[in-house]
Amino acid sequence: MEQPRSDEDQQLVARTQEGDVAAFDQLVVKYTPRLYGLVYNMTSNHEDTNDLLQDVFSKAYKSIRGFRGKSSFYTWIHSIAVNMTLNFLKKRGRRFNLSLDDVDASVHNDKEFLELTQTSSPVREADLSELQVRLNEAMMKLSDEHRAVVTMFHIQGMPHAEISKILRVSEGTVRSRLFYANRQLQNYLDEFRKNPVS
Amino acid sequence: MENFDDKDIATLLRLKRHEQPPPGYFDNFLHEFHRRQRAELLRQPVWRIALQRAQDYMFQLNVPALTSYPVAAAAILVCAAVLSLKVYQAPDAQTVATAVVQQPGAIAVSSPANAAWNLSSSPISARDIGSMPVRTSSDNMQTHRLATPPRYVLDSTPVSYEPASFRF
């Protein structure tokens, strides 16, 4: 996913800081889909995602006067979203219900989906929906921090450098978490493949 | 049977981008955000709203350094301290005593040299007011009209201790 133009964001932030509420509304509209994907894939619950997203933008609006532009607004708002979601997940613990969104019909036009289902690969369309369910379960077995990097790198398409800025860890830490998370997911799906009834 | 490799995992994860909320969710999100903001504003205490307004005002004056919470709180405390000093400041006793002596018809305040008003001297009943100036009714009315701050006259004998000859 492309990072949005920072100069446009800077103008909207400056206008918001001067009291232009409509400018902040534009930022909300712009970033809601992106942040929704981030928070949803970390929580796997649509209702929790909705509440968290409201809180994220509420906090961002209250704190925007203190935003000095040392980082991009993109990084800043993502930091808020990730931190608030991690705090929420710590409080939620292991007691949660999956509340997954439906897969949009646009998936059938996805190039990778077509490659997966039409070429010889371990995945066929008939198994794909079951695999997606298992993948969601596997994601929830990861720790919150590992799930965060998997979400940001693989699902959101962020580069390692951006993830390290958002999480305030080194790029090496981001890479090692990704490596470990990938192994965990592979092992879980391989186990499912060997023992499909579980 | 092939095992999943990193590429398979990455592909499966990228397909999760197609998991979307119900139709209309994003269109309605901003409206819901505004509704929650209004509800939260109504729940805020008055002092917090006043503080935010003060911060907005300071920011408009291009003094962002003064919009931080600690600075705003300090400014409010300073204002409160100044106001409380003005309201509760008691008049200076010596100044009042001097003013009372200078005003004609006022109750006299004894100087330390005046033995008649000295509490450590002869009993009250033996004291002779003599030609001591007395307070007249017109002085009372004048005082009320002028609405001067209360004057606490020191070293004077309370009215109830005055002998019968004391006249208004």
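Numbers restart at 1 for each chain; the letters A, B, ... are given by sequence-line order, proteins then strands.
- Not counting sequence neighbours, the partners of A:S170 by the side chain to side chain donor-acceptor pair (under 3.5 Å) test are A:T173.
- If you tally non-hydrogen atom pairs under 4.5 Å between each of A:V29, A:T32, A:V28 and chain B, the highest count goes to A:T32.
- Surrounding CZ of B:F26 are more than 12 heavy atoms belonging to other residues, nucleotides or ligands, all under 6.0 Å away.
- Linking ILVMFWY residues whenever their side-chain heavy atoms come closer than 4.5 Å, directly or via other members, leaves A:M158 and A:Y180 in distinct clusters.
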Just do the side chain to side chain contact (heavy atoms under 4.5 Å, CB included) check on B:K16 and A:T151 with the steps written out, would you? CA-CA 9 Å; B:K16 283 180 64 63; A:T151 299; over 6 Å; no
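- At a 4.5 Å heavy-atom cutoff, the contact between A:N50 and chain B is made by backbone and side-chain atoms alike.
- Ring-centre distance between B:F29 and A:Y36: not below the 6.0 Å cut-off.
- Both the backbone and the side chain of B:E32 come within contact range of chain A, with heavy atoms under 4.5 Å apart.
- Heavy atoms closer than 4.5 Å to chain B are found in both the backbone and the side chain of A:Q186.
- In A:K70, the NZ atom is not crowded: 12 or fewer heavy atoms of neighbouring residues, nucleotides or ligands sit closer than 6.0 Å.
- Contacts between residues 20-27 of chain A and chain B, counted as heavy-atom pairs separated by less than 4.5 Å, involve A:F24, A:D25.
- Interface residue B:F33: backbone and side-chain heavy atoms are both found under 4.5 Å from chain A.
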Hey, mind stepping through B:L13 and A:L185 against side chain to side chain contact (heavy atoms under 4.5 Å, CB included) and telling me if it holds? CA-CA 10 Å; B:L13 285 168; A:L185 293 174; 4.0 Å; yes
Can you list the steps and then say if B:E40 with A:K62 is a side chain to side chain contact (heavy atoms under 4.5 Å, CB included)? CA-CA 12 Å; B:E40 190 179 325; A:K62 287 174 190 168; 2.3 Å; yes
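- At a 4.5 Å heavy-atom cutoff, the contact between A:H46 and chain B is made by side-chain atoms alone.
- Linking Ile, Leu, Val, Met, Phe, Trp and Tyr whenever their side-chain heavy atoms come within less than 4.5 Å puts A:V149 and A:M84 in one cluster.
- Counting heavy-atom pairs closer than 4.5 Å to chain B, the top residue among A:V150, A:N182, A:L53 is A:L53.
- Once rounded to the nearest 0.5 Å, the distance linking CG of B:L12 with CG of A:L189 reads 6.5 Å.
- Using a 4.5 Å cut-off between heavy atoms, B:R36 contacts chain A through its side chain alone, with no backbone atom that close.
- Heavy-atom distances place the side chain of A:L135, and not its backbone, under 4.5 Å from chain B.
- Between B:R17 and A:H154 the shortest heavy-atom distance is NH2-O, 3.4 Å.
- Once rounded to the nearest 0.5 Å, the distance linking CD1 of B:I9 with CG of A:L178 reads 12.5 Å.
- The local environment of CZ in A:F88 is crowded, with over 12 non-hydrogen atoms from other residues, nucleotides or ligands closer than 6.0 Å.
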